[in-house]
Amino acid sequence: MSWIDIGSIDDVPLRGARKLKTRLGCVAVFRTDTEEVFAASNTCPHKGGPLAEGIVHGQSVTCPLHNWVFDLNTGQAQGEDGQIATYPVRVDAGRILIDGTALAARSAA
Amino acid sequence: MGKERLVVIGAGMASGRVLEHLTEAAPDAFDITLFNAEPRGNYNRIMLSPVLAGDQTYADIVTHDEGWYAERSIATRFGEKVLEIDREAKVVVGENGHVPYDKLIFGTGSNPFMIPLPGHDLEGVIAYRDLEDTECMMDLKAGQKCVVIGGGLLGLEAAAGMAARGVDVTVVHIMGHLMERQLDEAAGYLLRKSLEDKGITIKLQANSKEIVGEDGKVCALMLDDGTELPCELLVMAVGIRPNVALAQAAGLAVGNGIHVDDQMCTSDADVFAVGECVEHQGAIFGLVAPLYDQAKVLAQSLLGEEAAFVQKSLSTKLKVTGCDLFSAGDFADGEGREDIVFRDPSRGVYKRLVIEENRLVGAVMYGDTADGSWYFGLIRDGTDIEEMRETLIFGPAYQGGDTADPLSAVAALPLDAEICGCNGVCKGTVVEAIEGGAGDLGAVRATTKASASCGTCTGLVEQLLQVTLGDDFEMPTAQPVCGCTDHTHEDVRRLIKTMPLKSQEAVWQELGWSTRNGCHVCRPAINFYLLADWPLDYQDDPQSRFINERKHANIQKDGTFSVVPRMWGGITNPTELRAIADAADKYKVPTVKVTGGQRIDLLGVKGEDLPAIWADLNKAGLVSGHAYSKGLRTVKTCVGTDHCRFGTQDSTGLGIKLEQALWGSWTPHKVKLGVSGCPRNCAEATCKDVGIICVDSGYQVGVAGAAGMDVKETERLIDVATEAEAIDVTVAFVQLYRENAKYLDRPYKWVAKVGLDWVKERINDLDERARLIEAFELSQSIYRKDPWAEHAAEKAERYQPLADLTLEAAE
């Protein structure tokens, strides 16, 4: 694992998300109402909706285009046949760290 | 081999149903070839009326598409006529070659009967039979004239469908009242009155003499009393004749239709017939229910099962919106027959029951047909009604010890009672499906097709679900907000006010939400309720808003956004237009479009560029148009007295004032206004949430119009004399809507629920009006601000990526 500092937890709105640019496309970084942080693909497998723009509720996000709901722990879509890639992420002293190794491996996903 | 070869001639509703039964029961029993002269497969012909009326599209009524035939390996020969049948050789001769058969089915249907009047072959003289005829009628524009010959079921549905499109329709009927085969004179009169209210001219006892043409095209119908009715289209809907030519040429026994026995077998043991082309015991068939019965019997006969077709008495309903009529059985006067008649002229309700020897033999109802299927059941079963004779006319709710529970009537229906007329589905089929696991309306629709066409039987199907499942089925009268709670929107709104609850956390906690912090369905609703009820106490939560409102722009399908600056009352100037053009250039906006609400839409802006493009537009004095919001969108105007020779008031000025009073307010759904300077209504004010028509004497304020999922004209709320009053009334109405409506109900849906009278009462109460205006202004003191300026100045960095790893990854 190689942890990369991508910003302060306060840069992500509570119950919201920001997107993270990577060479292989955008990743969405989510912050729940209890200060948990998740990272997952920004792209809905249905019609490519930007998940960082969705409503974050509990440990889930709803795609803004057609309301597919994803579990941020597993990336599994609720009641649909679809899944998004998730990435290890942690918070250390208020900084968000993401696993660069997992990000680099995402082309295989 | 071993498979029998089955050839079917005609892809209509009856033969379609035969193929369904056959391929379901025994998918491998036959090699099937289907001929159809029309270049398409099967569609639901009885739903052409809703297509004509614009309630449905052709695609909605297709019952079997290409894929359906392909899945069942049915060889289709569409658009190919059958030339002859060689019964000796057992071969069907089509235009493109022979097909041998072991079994043959005639489903050739019927031809519309054309009265051989002089001129009947002119262009523009059509029947009402297939999709092409329907399309001809749909091509007529508002104001064009059409004459319909025939005041029966079909003719009236055609007339009503065209009248709904604004066509000037005259119905010419030879008899003394409409639908004389189904209705008595009194019901015929009520029907005539309500059709005339729809703008249809009805001419009874009218004999057509000649169709007049010009350059080979119809231009009028001449009656034998010399009346000339000009028209651009003439529809003949006077009846049908079984199409027997092919069967006759093949030497089969033919009378009015192709003779069949109880097993639908013709005079040749290997040849069958079904549908409108057959004659069974002297009768021919034009309604759908017996056709479906025949189809079932025929399928069973082909599979060697015992089955026999029995003619049943029939009931009729007219598919014309706003004309509720029902007729069943025989209602002619006769010896030994007695009538029970019920009239309520002010409600336009008429019911007549015909009784013979303590049995109900006929029923005609107009205006209130809810009990139709119950009466129909009594007629068909020959029930002895002596015991309930006194209360019979009041319907099933008043019989025996039963209470007025609507479910008891449905529970008492026999299993073969027809529930869905469109698809010929009886109660037994629905109950079987429910018992087999179809637990809600959608599942019943999917498995049985009941209520899947016109939907008028939806209530019945729901009641069957209730009767069959009992407590396991919740009647959908009280829908909870979402899966997070059992409370309805109305309950939640009431509790937020009365408890009182002033934060989302208080709502989750006090109302027992089952989730941590709601979901994408309830959060925006709760956020709105809180800010509408407690503007000073509650802090708006952007994370409980849909992306459009959170980012103050409309998200598009590719993830880009569209930006619409406000143009007060639709007025702009060269400076603003230059600023818009410059912004479009600078941010490489791919599409610049004028919206339906007279504003300019910049489509395809990148999310990151939003704060920058807003800042540029702000500099030219432009603010957010809220084109993304559940709030005031636009006030559409015409030019009023400024330029127009008809304008009666300053409609543009009023539009600007209204927009400046209402902008920035959040509402349960989007709100659109229109102000027209005169009744010519150039601003299309009569289909807006609030629409004002200026007249010489002042302002007519209409509300609850719609031009979206539903199209609806506004209803008059009030007439006022001054502009100031018009603004007051509008503001009060919007606030009343904000305080009471369910989230995502447009005003027309909300008004339909609470009733226009209730709304009028509140607005006419001057104290209440003043309170509403004050409450609105209080809310505006917090919320009337330009979100673009705020975000461009303070939150611009939130629109950028959190971090950019593209460089680091390259290292």
Side-chain angles (χ1 to χ4, degrees), chain A residues 2 4-9 11-34 36-37 39 42-44 47-69 78 95-98 100 103-104 106-107, chain B residues 482-484 503-505 508 513-527 539-561 606-608 610 628 744 791 794-811:
Chain A
S2 66
I4 305 172
D5 183 332
I6 51 173
S8 160
I9 186 164
D11 293 338
V12 182
L14 200 61
R15 278 176 278 120
R18 292 282 294 278
K19 70 181 183 191
L20 172 69
K21 273 192 166 175
T22 79
R23 262 199 333 158
L24 295 160
C26 287
V27 167
V29 180
F30 303 90
R31 176 184 175 197
T32 71
D33 66 323
T34 51
E36 303 148 313
V37 172
N42 188 42
T43 309
C44 178
K47 301 254 176 178
L51 296 175
E53 318 281 23
I55 287 181
V56 178
H57 49 99
Q59 296 185 329
S60 303
V61 64
T62 300
C63 175
L65 291 195
H66 306 100
N67 292 334
W68 278 37
V69 178
Q78 198 179 87
R95 302 298 298 179
I96 303 173
L97 306 172
I98 193 162
L103 278 185
R106 69 185 301 222
S107 59
Chain B
C482 63
C484 303
S503 68
Q504 291 197 37
E505 291 70 25
W508 314 147
W513 239 247
S514 65
T515 48
R516 204 160 83 186
N517 49 18
C519 68
H520 65 276
V521 178
C522 58
R523 280 240 307 274
I526 304 303
N527 185 55
Q539 177 79 40
D540 177 40
D541 173 25
Q543 300 306 331
S544 296
R545 287 181 176 275
F546 184 62
I547 177 64
N548 286 356
E549 290 183 350
R550 202 175 333 123
K551 292 212 159 163
H552 304 291
N554 270 327
I555 194 165
Q556 307 294 329
K557 63 182 215 178
D558 61 354
T560 65
F561 292 84
K606 288 196 206 69
E608 284 98 310
L610 287 173
Y628 46 80
L744 297 187
H791 280 236
E794 296 163 19
K795 299 180 179 166
E797 90 282 356
R798 285 273 157 106
Y799 288 78
Q800 302 306 316
L802 177 63
D804 188 344
L805 299 184
T806 52
L807 299 171
E808 294 188 36
E811 276 170 11

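Letters A, B, ... mirror the listed sequences (proteins, then strands); counts begin at 1. The basis for the numbers below is simple: all heavy atoms, side chains too, and nothing from hydrogens, waters or symmetry mates. As the structure is a computational prediction, the values presented were derived from the model and not from experiment.
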Of the listed residues (A:Val61, A:Val69, A:Ile96, A:Val56), which shares the most heavy-atom pairs with chain B below a 4.5 Å separation?
A:Val56

Between B:Leu805 and A:Arg23, does the side chain to side chain contact (heavy atoms under 4.5 Å, CB included) criterion hold? Intermediate values first, please.
CA-CA 7 Å; B:Leu805 299 184; A:Arg23 262 199 333 158; over 6 Å; no

Identify which part of B:Lys551 has an atom lying under 4.5 Å from any heavy atom of chain A, answering side chain, backbone, both or neither.
side chain

Sole residue of B:Arg550, B:Gln504, B:His520 in side chain to side chain donor-acceptor pair (under 3.5 Å) with B:Ser544:
B:Gln504

Selection from A:Pro13, A:Gly48, A:Gly16, A:Pro50 maximising heavy-atom pairs under 4.5 Å formed with chain B:
A:Pro13

Between B:Asn517, B:Asp558, B:Thr515, the one whose heavy-atom pairs under 4.5 Å with chain A are most numerous
B:Asn517

Between B:Asn548, B:Leu802, B:Ile547, the one whose heavy-atom pairs under 4.5 Å with chain A are most numerous
B:Leu802

Quick one: of A:Asn67, A:Val12, A:Thr32, A:Val29, who has the most non-hydrogen atom pairs under 4.5 Å with chain B?
A:Asn67

Relative to chain B, which of A:Ile98, A:Leu65, A:Asp33 shows the most heavy atom pairs under 4.5 Å?
A:Asp33

Between A:Asp5 (side chain) and A:Leu97 (backbone), is there a donor-acceptor pair under 3.5 Å?
no

With a 4.5 angstrom heavy-atom cut-off, is it the side chain or the backbone of B:Arg798 that approaches chain A, or both, or neither?
both

Hey, does A:Asn42 have a side-chain heavy atom less than 4.5 Å from the side chain of A:Leu51?
yes

Could you walk me through whether A:Asp11 and B:Glu797 pass the side chain to side chain contact (heavy atoms under 4.5 Å, CB included) check?
CA-CA 9 Å; A:Asp11 293 338; B:Glu797 90 282 356; over 6 Å; no

Portion of B:Pro524 that has a non-hydrogen atom of chain A nearer than 4.5 angstrom
side chain

Look at atom CD of A:Gln78 and say whether more than 12 heavy atoms of other residues, nucleotides or ligands are closer to it than 6.0 Å.
no

Set of ring pair (Phe, Tyr, Trp, His ring centres under 6.0 Å) partners for B:His552, sequence neighbours left out
B:Tyr628, B:His791

